[in-house]
Amino acid sequence: MKRFKTAAALMTAGAMVLSMAACGSSSKPAETAQTTAAAASSAAETGKAEATEAKKEDGAKFKIGVLQLVQHPALDKANEGFVKALDDAGLSYEIDQQNASGDQSACQTIASGLVANQNDLILAIATPAAQAVAGQTSDIPVLVTAVTDPEDAGLVKDNKKPGTNVSGTSDLTPVKEQIGLLRRVLPEAKTVGVMYSSAESNSVLQAALAKEACEANGLTYLDVTVSNSNEISDVVNSLVGKVDAIYCPTDNMIAAGMATVSMVANENRIPVICGEEGMVDAGGLATYGIDYYQLGYMTGKQAVEILRDGKNVSEMPIGYLDQEKCALKVNEETAKSLGLDPAAVK
């Protein structure tokens, strides 16, 4: 694609000048090399912007690649919201949708392919997918969504000013309020099982927040983790007789296996408070969480700003949904099966 050839040529020319400056006479001022580097970088960015502008003017379609970690309702909705934002903006594009089915090695393979195909922008949905894509390119703009803390995940230098080719939106949920919901709905509860995948950095962060919130609410907790989906049933069964409730954050492995979590928990009358509403639909009791469709839509608007309007991804802050967009969701059938009044839960 012309945009990448132009940028690469300019960056190569800048590197050659820098090399000559470094190998030349020691009497040459250091400022010359710095000035040359800045000029080369500026020229490369100008080349990219001009190529993008040319693409807008000649009506060509933008190429967008998507890597989704796994199929489950929250990530699916984020994907749908992203595409809807592109359509609402009237953007001309072709999209390559890829799903890694929860396989980390597949993430790496797919990410490599999306980069090799020289997409104009890549969307990565969920932290492992985002880390895989970001590790493959420092040139193509990468947007992430359903990532709790991009800075903590090593995707950006700062959530307010990324300073890399990565930006996007965070799905940081109101964990403190979710534990507060558990305390209100289950006032007799004393011990909570905090269940998550230790392989997901976003889940580790949320679990830490949940444990702090438990302590603040006078609750004790058991820290329980799974390393693969086959362990979910055994781990939930191990909590029977030990906990009064289970808390599951927006963990992708748990979300994908939520039907198993809820089946075992509900049979043993253990209420499950969840990180997002898709997990409630799969049998969890309740959540107070964000709307992943709206989160994806916000990310799609960022993509339009980058592709159509030429906005610099490195200066685009990580986006967060307003607390007003959080909503209470209760599974009434689950509440009844647990002997709870759905109206009282709401």
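Throughout, numbering of the chain's residues begins at 1 and tracks the sequence. Just so you know, these numbers use all the heavy atoms, side chains as well, and skip hydrogens, waters and symmetry mates.
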**Prompt:** Counting only N and O atoms by type, is there a donor-acceptor contact under 3.5 Å from the side chain of Asn312 to the main-chain atoms of Ser314?
**Reply:** yes
Residue pair Pro141 / Asn165, side-chain heavy-atom distance below 4.5 Å
no
Heavy-atom closest pair (Pro249 atom, Met279 atom, distance to 0.1 Å) is O-CE, 3.5 Å
Leu182-Leu328 co-clustered via ILVMFWY side chain contacts under 4.5 Å: yes
Exercise. Can you tell if the side chain of Cys274 reaches within under 4.5 Å of the side chain of Met258, non-hydrogen atoms only?
Worked result: yes
Applying side chain to side chain donor-acceptor pair (under 3.5 Å) to Lys346 and not counting sequence neighbours gives Glu332
Can you check whether Val264's main-chain N or O pairs, donor with acceptor, with Asn268's side chain at less than 3.5 Å? yes
Query raised in the report: Do Leu114 and Leu67 have side chains that get closer than 4.5 Å, going by heavy atoms?
Result: yes
Chi angles and distances behind the side chain to side chain donor-acceptor pair (under 3.5 Å) call for Thr220, Thr191: CA-CA 5 Å; Thr220 57; Thr191 304; 3.0 Å; yes
Side chain to side chain donor-acceptor pair (under 3.5 Å) filter on Asp87, not counting sequence neighbours, yields Tyr93
query: Do Ile306 and Leu91 share a hydrophobic cluster (ILVMFWY, side-chain heavy atoms under 4.5 Å, transitive)?
result: yes
Checklist entry - Does some side-chain heavy atom of Asp244 sit less than 4.5 Å from a side-chain heavy atom of Leu186? => result no
Closest non-hydrogen atoms of Ser167 and Gln302, given as atom of the first, atom of the second and distance, are OG-NE2, 4.4 Å
Rounded to the nearest 0.5 Å, the CD atom of Gln178 sits from the OG1 atom of Thr287 at a distance of 4.0 Å
Apart from Val280 itself, its cluster of hydrophobic side chains linked below 4.5 Å comprises none
Show which side-chain atoms of residues 334-343 pair as donor or acceptor with protein atoms under 3.5 Å away, not counting sequence neighbours.
unit_1, atom_1, unit_2, atom_2, d
Thr334, OG1, Gly283, O, 3.0
Thr334, OG1, Asn331, OD1, 3.3
Thr334, OG1, Asn331, ND2, 3.4
Ser337, OG, Thr334, O, 2.7
Asp341, OD1, Ala343, N, 3.1

Between the CD atom in Gln118 and the OG1 atom in Thr137, the distance rounded to the nearest 0.5 Å is 10.0 Å
Nearest heavy-atom approach of Lys61 to Asp120 is O-OD2, 4.4 Å
Rounded to the nearest 0.5 Å, the CG atom of Leu75 sits from the CD atom of Glu80 at a distance of 11.0 Å
inquiry  = Any heavy-atom pair between the side chains of Thr145 and Leu143 that's under 4.5 Å?
reply    = no
Kindly indicate, with the supporting measurements, whether the criterion side-chain contact (heavy atoms from CB on, under 4.5 Å) is fulfilled by Leu172 and Asp149.
CA-CA 7 Å; Leu172 181 61; Asp149 189 336; over 6 Å; no
To the nearest 0.5 Å, atom CD of Glu177 lies from atom CZ of Arg184 at 12.5 Å
| query | Got a donor-acceptor contact below 3.5 angstrom from the Arg308 side chain to the Gly90 backbone? | reply | no
Quiz item: Does CD belonging to Glu215 count more than 12 external heavy atoms closer than 6.0 Å?
Solution: yes
Sequence neighbours excluded, the answer for side chain to side chain contact (heavy atoms under 4.5 Å, CB included) partners of Ala207 is Val194, Tyr196, Lys211
dist Asp88:CG -> Tyr297:OH (nearest 0.5 Å) comes out at 3.5 Å
- If only atom types and distance count, is the side chain of Asn99 paired as donor or acceptor with the main-chain N or O of Ser101 below 3.5 Å? yes
message: Could you check whether atom CD of Glu94 has more than 12 heavy atoms from other residues, nucleotides or ligands sitting under 6.0 Å from it?
response: yes
query: Any side-chain heavy atom of Gln98 sitting closer than 4.5 Å to one from Asp96?
result: yes
- Without swapping roles, check the side chain of Ser262 against the backbone of Gly284 for a donor-acceptor pair under 3.5 Å. no
request  = Give the intermediate values and the outcome of side-chain contact (heavy atoms from CB on, under 4.5 Å) for residues Asp76 and Gln71.
outcome  = CA-CA 6 Å; Asp76 293 346; Gln71 186 172 0; 3.4 Å; yes
Taking a hydrophobic cluster as the set of Ile, Leu, Val, Met, Phe, Trp and Tyr residues connected by side-chain heavy atoms closer than 4.5 Å, whether directly or through intermediates, do Leu239 and Met253 fall within one such cluster?
yes
Only residue of Ile246, Val224, Val226 satisfying side-chain contact (heavy atoms from CB on, under 4.5 Å) with Val236 is Ile246
TODO: Before giving the answer on side-chain contact (heavy atoms from CB on, under 4.5 Å), spell out for Tyr292 and Ile125 the whole-Å C-alpha distance, their side-chain angles and the decisive distance to 0.1 Å.
DONE: CA-CA 11 Å; Tyr292 275 81; Ile125 307 177; over 6 Å; no
(message) I'd like to check Gln68 versus Leu123 (side-chain heavy atoms, cut-off strictly below 4.5 Å). Are they in contact?
(response) no
Between Ile179 and Cys214, the two heavy atoms sitting closest are CG2-N, 4.0 Å
Mind checking whether Cys107 and Gln131 have side chains closer than 4.5 Å, heavy atoms only? no
Item checked: Test item: Glu200 side-chain N/O and Asn202 main-chain N/O as donor-acceptor pair under 3.5 Å -> no
### Pair Ser201-Thr127, side-chain donor/acceptor within less than 3.5 Å
no
Main-chain N/O of Ile290 paired with Thr173 side-chain donor or acceptor, under 3.5 Å: no
Exactly one candidate in Leu321, Val144, Leu295 meets side-chain contact (heavy atoms from CB on, under 4.5 Å) with Asp171; the answer is Leu295
SB check Lys329 Asp281 (cutoff 4.0 Å): yes
Can a donor-acceptor pair be found, under 3.5 Å and without considering hydrogens, that links the side chain of Thr164 to the backbone of Leu155?
yes
Query - Same cluster (ILVMFWY, side-chain, under 4.5 Å), Leu219 and Val272 - result: no
What one should report as the nearest heavy-atom pair of Ser170 and Pro150 is CB-CD, 4.5 Å
### Message
Hydrophobic clustering (ILVMFWY, side-chain heavy atoms < 4.5 Å, transitive) - are Ile270 and Ile254 grouped together?
### Response
yes
(message) Using side-chain contact (heavy atoms from CB on, under 4.5 Å), reason through Lys176 and Asn217 one step at a time and then give a plain yes or no.
(response) CA-CA 10 Å; Lys176 182 173 72 172; Asn217 281 275; 5.6 Å; no
- prompt: Is Glu277 paired with Lys77 through a side-chain N to carboxylate O contact shorter than 4.0 Å?
  reply: yes
Heavy atoms of Ala130 and Val147 approach each other most closely as CB-CG2, 4.1 Å
Value for CD1 (Ile122) from NZ (Lys63), rounded to nearest 0.5 Å, stands at 10.0 Å
So the side chain to side chain donor-acceptor pair (under 3.5 Å) pairs with at least one residue in residues 104-116 (sequence neighbours excluded) are Asp103-Ser105
